[in-house]
Asks: 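Take this structure first; my questions come after.
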Amino acid sequence: MSNDSAPRMCLSAEKHDERVLDVVLHYFGCLRASEHQEFFANLPQRSKRRVVEEKLRIRRLISYFEARPKTEGGESLKELKASVATWRAFHQRRDPGQSQAWPLADRMDDSVDFDVKASMIYFKKFRPYTVPEIDNVFPNQKLSVRDLLSDNAKKNPLMQPCDDDTVRYFHFPANNMVWIEEAIARYYHEQRPPNENTMSQFRPQEKSKTEMLLSPEFWEGQQQGDKHSEVHARSMRPLCETISIDTLSTESAPKNLVLFMPYLHWETDRGRTKSAEVIKEISKMRFSSLGEVVEQVTANENVRSGQPQVPNQDTLHFLPSSYNTTKAPLADRRQALGKLLRNAARLFEAMDSHMDEKLMLEYLHANPPLQPRRTLDQSYYGALKSTQARDRDQVVYRATTPTPHVCMKRTTSDKCPDCHKDIKKVPRLVMVDQLWMWILDEKTIITSFPRRWGKNRADPSAVHKSLRTRLKTARHDEIRSAFDLALIVVDQCSRVFFDRAKTIGRHPNLIDIFADAIRGVTYKQTAAFDQFLTYTQLAAKEYNSREKAKTSATQNTLLNINPEGNLLKEVKDILDELHILTRLKIQQQIVAESFVKHIRHSLLPKITISHLSQPSTDFQLGIPEDNIILGSGRSRDRRRVEQDNAKWTLSRAENLLDGIKGRIRELTTLEEAAKGTSAALKDLLTLKQQQSGIFEAREAVKQATETLKQGRSIMLFTVVTIIFLPLSFISSIFGMNTKEFNDGLMNLREQFSYMFPISIAIICTSFIMAFSSSEFLSSFSTLMWAIISYPAHVTTTWILTKTGLFTLSRELAARANALQDRDRKATTLMKANVMRERYEQKARQAMENDMSIEMVENRNRLSVPLDVERGDSRGSQARLYYSPRV
């Protein structure tokens with residue numbers, strides 16, 4: 001297919017003016033600076049406003065970073081300007097300048113509530129509806145959180161009345177308790193309750209509707225962790241309850257519902273690290289010095305005043321006057337371009353995460369506080385101060401992280417296949433997010449759940465993006481009540497990682513990753529078992545052949561439990577994560593069952609059932625199938641429509657429960673497979689321990705035999721010594737040169753006076769040196785050895801470091817270790833393949849033997865007469881009874 005048939009859209013190299021999907025992206029990412037003014041002039045007013053807002057946002061961020069040059073964003077901006085100046089100098093490009101000045105004074109608010117956008121989705125008469133006063137169309141209409149929490153009843157859609165045929169849905173992109181309290185207060189046209197926990201002291205008649213809805217048993221009382229605990233320990237307990245806001249009487253069917261439910265999502269390791277660093281820095285800022293606080297306030301004032309200290313473009317980077325830029329080498333130009341792109345990526349990352357940093361800075365330690373995202377281990381081990389080591393031991397992280405290897409690239413033209421494969425990998429982690437949802441008066445839904453770090457743009461894997469796509473493709477009569485929309489929200493959150501059709505981009509496929517990990521451990525366990533059987537057979541043969549050297553090497557292999565121990569640790573990690581995932585899914589199931597129970601309790605009173613007949617009922621839904629509806633005319637039709645809508649909603653609720661049960665079954669299946677592999681590894685370790693017991697028994701028998709032989713030899717020497725020792729002593733006495741025997745110079749007494757003391761001194765010294773553990777002796781020997789070895793060590797080290805032999809030896813050792821690892825992996829794989837082929841060959845031979853025996857028996861059975869087949873022995877000679885093999 002030619003390239004002309006490929007779709008051309010934004011960020012494509014070809015012209016695509018007729019396929020502009022995003023005006024802002026096309027303006028900043030596709031057009032040249034000289035084309036901006038013409039394109040902007042032809043835009044409609046709404047699109048112009050979006051471009052202007054984006055320009056103001058970028059200029060505000062640049063001013064923010066320039067006022068803080070020591071931050072990561074400030075350093076990235078400075079380095080980017082320097083690299084841009086270098087690149088322009090190499091290519092003789094001029095600064096295009098600003099096409100139009102946009103004063104910062106146009107931006108009146110610099111708070112994070114103005115930057116963060118809240119989503120709003122309307123359904124009117126069962127059909128999607130676009131609110132005219134809000135930018136964009138269904139389901140992508142958004143407005144700032146500041147506008148949604150304002151007191152202006154005319155402009156705030158949350159404070160406007162809602163018709164009976166309308167369903168409204170508002171979403172906040174963070175688990176910020178302050179936003180929720182303000183939003184519910186605006187819905188009831190009330191003021192936000194005080195932060196002090198004094199509401200429980202009032203009588204119900206004195207409480208407002210907001211205070212009733214946010215009572216401690218449904219709000220702050222459900223929060224896990226306090227201000228003294230770790231930040232990642234903050235979360236809401238799984239809950240789904242109806243709330244009565246009537247201060248005078250008890251409602252039989254309350255129209256308000258609150259739901260807290262955990263769900264799974266993912267994050268890149270870099271995003272998780274950045275968020276952890278920001279949380280750490282913000283926690284330190286609570287105890288900052290006065291000078292740091294003044295510097296921070298001064299920087300904020302410079303940004304708000306629109307007069308940052310902008311450095312001169314000409315002083316950012318300069319080149320020597322003797323340097324001829326027209327003849328810059330290609331390598332230098334490529335290096336300048338690579339540095340420019342790297343710095344641009346760093347600045348883009350800082351700009352993209354700026355909103356999340358501001359959100360953390362303003363609300364992380366507010367009252368009530370912001371609840372940030374948590375990793376899988378942080379959600380389960382909340383008491384741990386840091387779970388970074390456990391986070392980087394996740395199955396998903398290991399599967400998406402480049403593996404260390406020895407690069408095979410020797411020259412610039414060579415290509416390393418492992419490097420080419422690993423460059424596409426992005427380390428990722430499993431996260432546990434929270435869905436907060438309120439259904440108010442069965443007409444308005446307010447939800448709150450976070451997004452990925454720095455993903456303030458379109459994120460295909462975001463839950464709310466999937467939800468908007470789902471609602472955009474929904475049928476016109478699919479959303480018949482607020483419960484239908486709420487069920488879709490809960491379903492979209494619970495099906496993350498389990499919807500195989502939505503593994504978009506870097507979205508990890510959780511089930512396949514865990515299945516692959518379990519299969520990998522199972523394969524290694526099978527190979528280890530085959531290796532164990534092979535070495536066991538070799539050990540038996542070598543024991544019979546008495547080959548001691550080979551027996552020692554074989555025994556070392558059989559007694560080494562490190563490979564099986566590492567595999568057991570890996571499968572234990574898999575089981576631990578599967579247990580956490582299953583536990584979370586069970587929590588979702590409990591919340592969903594409670595939600596469906598409240599939906600059924602709310603919808604059933606709307607259906608009038610005849611008391612004259614006893615129609616059959618649907619056991620699962622709890623409503624009649626073919627009942628007689630009382631009334632006539634419009635009332636009858638209205639009640640029938642309500643009954644159909646209730647059946648539709650409750651059937652969708654049952655589908656939600658079935659889906660969650662199916663996902664729990666998937667995790668249970670994986671957990672059972674991992675448990676089987678773990679049990680097999682334990683059996684293998686048990687066999688190795690038993691084999692080591694056999695080796696020990698053999699060695700004990702061998703040592704007992706050797707001890708018996710040595711005892712017999714010692715007995716022989718003892719007998720000889722007993723016989724000849726007296727004789728040798730007497731002969732030595734009489735052979736001495738003494739005056740008594742041989743006219744010597746000394747008599748016998750004098751010789752004994754020298755001989756016995758010297759012998760006693762030598763014997764005592766030998767015993768002390770041999771059996772003493774005195775620290776003085778050991779210290780003395782250590783000192784003597786240090787004095788002797790010091791010059792030799794210093795001289796050897798000086799020669800090795802000065803001649804480069806030390807560095808060469810390290811490199812050679814690293815290469816040797818890498819080659820040994822490759823050799824071990826290759827030989828292990830080859831041995832496993834040979835053993836598997838051998839067992840398969842034996843199985844085929846056994847099958848062929850069985851088939852040949854069966855064919856012979858069938859042939860013999862066909863040749864035997866009928867009476868002999870029946871067991872009749874009549875005839876000229878007796879015959880055996882044949883029967884075919886089963």
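This chain uses plain numbering: 1 for the first residue, then up along the sequence. No experiment lies behind these values; they were computed from the predicted model shown. FYI, side chains are in, hydrogens and waters are out, and symmetry mates aren't considered; it's all heavy atoms of this structure.
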Asks: Would you tabulate the side-chain donor-acceptor contacts of residues 156-166 under 3.5 Å, counting partners in other chains and residues two or more places apart, or write 'none'?
Replies:
| residue | atom | partner | partner atom | Å |
| --- | --- | --- | --- | --- |
| N156 | OD1 | L158 | N | 3.0 |
| N156 | ND2 | L148 | O | 2.7 |
| N156 | ND2 | S150 | O | 3.0 |
| Q160 | NE2 | K154 | O | 2.9 |
| D164 | OD1 | K443 | NZ | 2.8 |

Asks: Any carboxylate oxygen within less than 4.0 angstrom of a Lys/Arg side-chain nitrogen, looking at D484 and R480?
Replies: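 Answer for the salt bridge query: no.
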
Asks: Is the shortest side-chain N to carboxylate O distance from E593 to K597 below 4.0 Å?
Replies: no

Asks: Do L487 and F595 have side-chain heavy atoms sitting under 4.5 Å apart?
Replies: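 A side-chain contact under 4.5 Å exists here.
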
Asks: Kindly confirm or rule out a cation-pi arrangement of R583 over Y380, judged by NZ or CZ under 6.0 Å from the six-membered ring centre and within 45° of its axis?
Replies: no

Asks: Would you mind checking if D135 and R49 are paired as a salt bridge, meaning a charged N to carboxylate O distance below 4.0 Å?
Replies: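 Between D135 and R49 there is a salt bridge, with a charged N closer than 4.0 Å to a carboxylate O.
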
Asks: H171 vs H464 aromatic rings, parallel, tilted or perpendicular, using cut-offs 30° and 60°?
Replies: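 Correct class here is parallel.
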
Asks: Taking C-beta and beyond as the side chain, do P372 and V231 meet within less than 4.5 Å on heavy atoms?
Replies: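 Contact flag for P372/V231 side chains = yes.
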
Asks: Report yes or no: is the cationic atom of R272 (NZ for Lys, CZ for Arg) closer than 6.0 Å to the six-membered ring centre of W453, at no more than 45° off its axis?
Replies: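 No, a cation-pi geometry is absent between R272 and W453.
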
Asks: Quick one: do D491 and R663 make a salt bridge, cutoff under 4.0 Å?
Replies: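 Result for this pair is yes, salt bridge flagged.
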
Asks: So, does E182 use its side chain to make a donor-acceptor pair with the main chain of L149 at under 3.5 Å?
Replies: no

Asks: Does the side chain of M437 reach to within under 4.5 Å of the side chain of V490, using non-hydrogen atoms?
Replies: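 A side-chain contact under 4.5 Å exists here.
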
Asks: For E217 and L239, which heavy atoms make the closest approach, and how far apart are they?
Replies: O-CD2, 4.4 Å

Asks: Side chains of Y27 and K55, heavy atoms from C-beta outward: is any pair under 4.5 Å?
Replies: yes

Asks: Quick one: pull up OG in S379 and CG in D377 and give me the separation to the nearest 0.5 Å.
Replies: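 Here the interatomic distance stands at 7.5 Å.
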
Asks: Keeping the roles fixed (side chain from H265, backbone from S461), state whether a donor-acceptor pair exists under 3.5 Å.
Replies: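 Checked: pair present.
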
Asks: Work out which heavy atom in V178 is nearest to a heavy atom in R192; give both atom names and the distance.
Replies: CG1-NH1, 3.6 Å

Asks: Considering all heavy atoms of both residues, which atom of P238 and which atom of P262 are nearest to each other, and what is their separation?
Replies: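 Looking at all heavy atoms of both residues, the closest pair is CG-CD, 4.1 Å.
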
Asks: One thing to verify: whether E267 and K274 come together as a salt bridge, which I'm taking to mean a side-chain N less than 4.0 angstrom from a carboxylate O.
Replies: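 Looking at E267 together with K274, the answer is no, because their closest N to O distance does not fall below 4.0 Å.
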
Asks: Given side chains that start at C-beta, do those of L376 and L581 come closer than 4.5 Å, heavy atoms only?
Replies: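 Yes. Closest side-chain heavy atoms under 4.5 Å.
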
Asks: When you measure from the side chain of R234 to the backbone N and O of G225, does any donor-acceptor pair fall under 3.5 Å?
Replies: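 No, the answer is negative, given that no donor and acceptor are paired below the 3.5 Å cut-off.
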
Asks: Is there side-chain contact between F260 and R237, with at least one heavy-atom pair below 4.5 Å?
Replies: no

Asks: Would you check, one step at a time, whether the test side chain to side chain donor-acceptor pair (under 3.5 Å) holds for D147 with S144?
Replies: CA-CA 5 Å; D147 295 337; S144 65; 2.9 Å; yes

Asks: Taking the basic N atoms (NZ, or NE/NH1/NH2) and the acidic carboxylate oxygens, is any pair closer than 4.0 Å for E478 and R652?
Replies: yes

Asks: For residues T210 and I184, report the shortest heavy-atom separation together with the two atoms involved.
Replies: OG1-O, 3.8 Å

Asks: Identify the residue among Y169, Y188, W219, F172 that makes a ring pair (Phe, Tyr, Trp, His ring centres under 6.0 Å) with W438.
Replies: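 Among Y169, Y188, W219, F172, the one meeting ring pair (Phe, Tyr, Trp, His ring centres under 6.0 Å) with W438 is W219.
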
Asks: Does the side chain of V489 reach to within under 4.5 Å of the side chain of L467, using non-hydrogen atoms?
Replies: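 Yes; the side chains approach each other to less than 4.5 Å.
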
Asks: Which pair of non-hydrogen atoms, one from Y263 and one from P450, has the smallest distance, and what is that distance?
Replies: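 The answer is OH-O, 4.0 Å.
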
Asks: So, for K585 and I660, which heavy atoms are closest and what is the spacing to 0.1 Å?
Replies: O-CG2, 4.0 Å

Asks: Are side-chain heavy atoms of Q45 and K48 found at a separation under 4.5 Å?
Replies: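 Heavy-atom side-chain distance check passes, below 4.5 Å.
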
Asks: Would you say the rings of Y363 and W179 are close, in the sense that their centroids are separated by under 6.0 Å?
Replies: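 Yes, they do, as the ring centres are separated by less than 6.0 Å.
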
Asks: Do NZ/NE/NH1/NH2 and the carboxylate oxygens of E277 and K280 come within less than 4.0 Å?
Replies: no

Asks: Any carboxylate oxygen within less than 4.0 angstrom of a Lys/Arg side-chain nitrogen, looking at R373 and D433?
Replies: yes

